[in-house]
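Heads up: the structure comes next, in structure tokens.
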Amino acid sequence: MLPKTCLVGAAGHVPQRGAVSMTAPMAALALDPKVSGVLEELHRKSRRELPSLVGYFLLRAIPRWIRWQRSPEIDEQAQSFLSDKLIALAQDKCEFCYLMCRSIAARRIVEVGSSFAVSTIYLAAAARESGGEGALVIGTEIDSRKVAFARRNLERAGLSAFADIRLGDARRTLLDVEGPIDFVLIDSWIPLARPMIEMLAPRLRRGAIVVCDNTGQFSKQYRDYLDYVRSPENGFRSTQIPYRGGLELSVRC
């Protein structure tokens, strides 16, 4: 999917005031060697990209800051720059999502914004381990080049049979996803978050988990999404987990 606005912040993951850093080393997950090998390679690549991402968007933003203007939106030039960048969910957040999926034996998982399939690999590994007929991650990505890389990475990890990466706008590619859905990860263009949760909510099983990234750092931009999942009348109980940038965790009631 299209990247979030204000990529300087997204790349830098500046914690909110009072936030607790949860990026200390975690015990290694017991994933099979093939999966672990691909993930280690992709996380290394993601870390190497970080300085260039921060530098690029700082240079774009400084002239506007001087003139007290908003940070630039993601235009075609920026999209071209980002087309070969992973923009991956942080490793600790990926591991958290994997553990959440395992805790509820998630077999039907939806991911909004698959990019190069870093987080998808964690979700597909969890779906495979949950077992049963139809265990599958349905992901979506709007960039055709990233879809090709995502499918290749899943194949290298031995998880192609447990993931379906769809090319196009999530509002169309996920229209026909059948329930009951066990787990949803939203890590995409911010304006998509509210439409996607409203579209998918009727198909969530009771006890399903929805995770949305960077809702603390971009709380103003995510306001309509947060208003929805934090309103009990919409059928969720929701809280923010204090990972860097914030991670909203919502449970379907």
Would you say that [X] contacts [Y] through its side chain, given a criterion of any heavy-atom pair below 4.5 Å between the two side chains?
X      : Y      : result
Arg203 : Val184 : no
Ile104 : Arg205 : yes
Arg128 : Val35  : yes
Val118 : Leu89  : no

Side chain to side chain contact (heavy atoms under 4.5 Å, CB included) between Leu200 and Val110, worked out: CA-CA 9 Å; Leu200 295 171; Val110 172; 4.0 Å; yes
Can you tell me how far apart [atom1] ([X]) and [atom2] ([Y]) are? Round to the nearest 0.5 Å.
X      : Y      : atom1 : atom2 : answer
Ile241 : Leu247 : CD1   : CG    : 7.0 Å
Ser250 : Ile197 : OG    : CD1   : 6.5 Å
Thr215 : Glu248 : OG1   : CD    : 4.5 Å
Ile142 : Trp189 : CD1   : CH2   : 8.5 Å
Ser219 : Gln240 : OG    : CD    : 7.5 Å
Phe162 : Ile109 : CZ    : CD1   : 11.0 Å

Main-chain N/O of Asp213 paired to Tyr222 side chain as donor or acceptor, under 3.5 Å: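 Yes, because the side chain of Tyr222 sits within donor-acceptor range (under 3.5 Å) of the backbone of Asp213.
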Check: Ser36 side chain, Pro33 main-chain N or O, donor-acceptor pair, under 3.5 Å: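 Such a contact is absent between Ser36 side chain and Pro33 backbone.
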Would you list the atom pairs, donor with acceptor, under 3.5 Å between side chains in residues 151-158 and any protein atom, with sequence neighbours excluded?
| unit_1 | atom_1 | unit_2 | atom_2 | d |
| --- | --- | --- | --- | --- |
| Arg151 | NE | Ile165 | O | 3.4 |
| Arg151 | NH2 | Ile165 | O | 2.7 |
| Asn153 | OD1 | Arg156 | NH1 | 2.9 |
| Asn153 | ND2 | Phe116 | O | 2.9 |
| Asn153 | ND2 | Phe149 | O | 3.3 |
| Arg156 | NH2 | Glu41 | OE1 | 2.5 |
| Arg156 | NH2 | Glu41 | OE2 | 3.2 |

Lys/Arg-Asp/Glu bridge criterion (N-O < 4.0 Å) met for Arg108, Glu178: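 Answer for the salt bridge query: no.
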For residues [X] and [Y], report the shortest heavy-atom separation together with the two atoms involved.
X      : Y      : answer
Glu129 : Leu31  : OE2-CD2, 3.9 Å
Leu123 : Cys101 : CD2-SG, 3.8 Å
Thr173 : Arg166 : O-NH1, 2.8 Å
Arg194 : Tyr225 : N-CD1, 4.0 Å
Tyr228 : Ala201 : OH-CB, 3.9 Å
Gly168 : Thr140 : O-OG1, 3.4 Å

From Ile181, Leu185, Ile186, residue fulfilling side chain to side chain contact (heavy atoms under 4.5 Å, CB included) relative to Val210: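 Considering Ile181, Leu185, Ile186, a side chain to side chain contact (heavy atoms under 4.5 Å, CB included) with Val210 is found only for Ile186.
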Contact list for residues 120-139, test ring-ring contact (aromatic ring centres under 6.0 Å, His included), sequence neighbours left out: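 Of all non-adjacent pairs touching residues 120-139, those that pass ring-ring contact (aromatic ring centres under 6.0 Å, His included) are His43-Tyr122.
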Working for side chain to side chain contact (heavy atoms under 4.5 Å, CB included), residues Arg102 and Ser130: CA-CA 7 Å; Arg102 293 293 291 121; Ser130 294; 3.6 Å; yes
Val211 and Lys93: CA distance, side-chain angles, deciding distance, side chain to side chain contact (heavy atoms under 4.5 Å, CB included) verdict: CA-CA 10 Å; Val211 169; Lys93 295 177 180 178; over 6 Å; no
Asp32 and Lys34: CA distance, side-chain angles, deciding distance, salt bridge (Lys or Arg N to Asp or Glu O under 4.0 Å) verdict: CA-CA 6 Å; Asp32 74 53; Lys34 195 171 185 179; over 6 Å; no
